[in-house]
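Quick note on labels: first sequence line is chain A, next is B, and so on, each numbered from 1.
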2 protein chains.
Amino acid sequence: MTALTIAQAAERTGLTAHTLRYYERDGLMLGSVERAGSGHRRYTDQDLTWIQMITRLRATGMPIRDVRRYAALVRAGDGNEAERLALLLAHRRRVEEQLAQITGHLRAIDHKIGIYEGKVGSAG
Amino acid sequence: MTALTIAQAAERTGLTAHTLRYYERDGLMLGSVERAGSGHRRYTDQDLTWIQMITRLRATGMPIRDVRRYAALVRAGDGNEAERLALLLAHRRRVEEQLAQITGHLRAIDHKIGIYEGKVGSAG
DNA sequence: GTCCTGCTTCGAGGGCACTCGAAGTCAAGC
DNA sequence: GCTTGACTTCGAGTGCCCTCGAAGCAGGAC
């Protein structure tokens, strides 16, 4: 088990040390990150895996408070899998709707791009 | 040419009257929206078409300041089509990258969902 | 032993995109 | 002529998500 400093964890996760501390204090982690004797945080592989999950949820637009809710369920342990599933399914539905919307808007923007390419490409 | 009040424009665009005023005062419109004798705004079809374009750009994640830049180019009139094209192409590239990222994350979340569905579906 | 680096906490600050509220005006209805 | 309601302006407030800075401590290099 490798235990990383916050700087190393920041580098591997693509987040900043500030953000990692913020996530922890905001209740997004599964518990308190372990500490060295000096009081410095030590991130385990488990921590990194969980942070990656947070990153995926955040990158797909889940608000911090919902990530917190999900984290609370995972923290609570076995028995609430149905709730976790419902939360993730609701999230997936929203993401897919948003993807469809964005794709539609992008097509319209592409149409506009096509018009400009015609104008710019031709002499006048 | 139908000229709509701000309330009607808000309803058709899905934005609020507050947001329409905010867009105008922030330089996102192509010029000042026309006024009735009373000083009330009157939105033309052209205005609505442009607001739809703003909506598409915003919905695909373009920041307000870039929309403003694009609006300034359109406002300036003929001759800068290459710049407008470059702006839109850069935006499209970013959106496509983001779509790919989101899709990737969504697949990973789906995997997680699959695991929970297995757990919840089975007896234990 | 003092200097540097990297961490710690805490609370404040910042950026973005709205969102709202107060105070005032105007036209229409009764 | 007074009320109502939809509008006007302006500046302040809100919510989200970080992001930063100050002040302090621990451990190693020299």
| request: Starting from the 5' end of DNA chain C, give me the residue, B/Gly37 or B/Met62, whose nearest nucleotide shows up first. | output: B/Met62
| Between C/dT8 (C1') and A/Tyr43 (OH): distance, integer Å | 12 Å
| Looking for any heavy atom pair under 4.0 Å, which part of the strands does B/Arg65 touch: base, sugar-phosphate only, or nothing? | sugar-phosphate
| Minimum heavy-atom distance A/Met53-B/Lys112, with the two atoms named | CE-CG, 4.1 Å
| message | Rounding to an integer number of Å, can you tell me how far A/Leu20 CG sits from D/dT19 P? | response | 12 Å
| query | Across the strands shown, which category fits A/Arg42 at heavy-atom distances under 4.0 angstrom: base, sugar-phosphate, nothing? | reply | nothing
| task | Check for a donor-acceptor pair, side chain of B/Glu24 on one end and backbone N or O of B/Arg21 on the other, with a separation under 3.5 Å. | result | no
| query | More 5' along DNA chain C: A/Arg41 or B/Ile64, using each one's nearest nucleotide? | reply | A/Arg41
| Separation of C/dC16 P from B/Tyr23 OH (nearest whole Å) | 15 Å
| task | Can you figure out which of D/dC18, C/dC26, D/dC7 approaches the side chain of A/Arg58 most closely? | result | D/dC18
| message | What is the separation between atom CZ on B/Arg25 and atom C1' on D/dC7, rounded to the nearest whole Å? | response | 15 Å
| Which nucleotide in the list D/dC18, C/dC26, C/dT19 gets nearest to the side chain of B/Ser38? | C/dC26
| query | Tell me the salt bridge (charged side-chain N to carboxylate O under 4.0 Å, His left out) pairs involving residues 69-90 of chain B, sequence neighbours left out? | reply | B/Asp66-B/Arg69
| query | Do the ring planes of B/Trp50 and B/Tyr70 sit parallel (below 30°), tilted (30 to 60°) or perpendicular (above 60°)? | reply | parallel
| Once you round it to whole Å, what is the distance between C1' of D/dC20 and OH of A/Tyr22? | 14 Å
| Proximity to the side chain of B/Thr19 - top-ranked nucleotide from C/dT19, D/dC17, D/dC18 | C/dT19
| request: Whole angstrom is fine here: how far is it from CD in A/Gln8 over to P in C/dT5? | output: 18 Å
| remark: Taking C/dC7, C/dC18, D/dT8 as options, the one with an atom nearest any side-chain atom of A/Thr5 is C/dC7
| Side-chain contact, heavy-atom cut-off 4.5 Å: B/Leu99 with A/Leu106? | yes
Write out a two-atom table: protein N or O, nucleotide N or O from nucleotides 21-25 of chain D, distance below 3.5 Å.
none

| message | With no hydrogens and no angle check, just 3.5 Å: does a side-chain donor-acceptor pair link B/His91 and B/Thr60? | response | yes
| request: Send over the distance from A/Leu4 CG to C/dG6 P, rounded to a whole Å. | output: 16 Å
| request: With heavy atoms under 4.0 Å as the rule, sort B/Ala7 into base, sugar-phosphate or nothing. | output: sugar-phosphate
| note | From CD of B/Glu34 across to C1' of D/dT8 the rounded distance in Å is 17 Å
| said: Strictly by salt bridge (charged side-chain N to carboxylate O under 4.0 Å, His left out), give each pair with a member in residues 96-109 of chain A just once, sequence neighbours left out. | reply: A/Arg93-A/Glu97
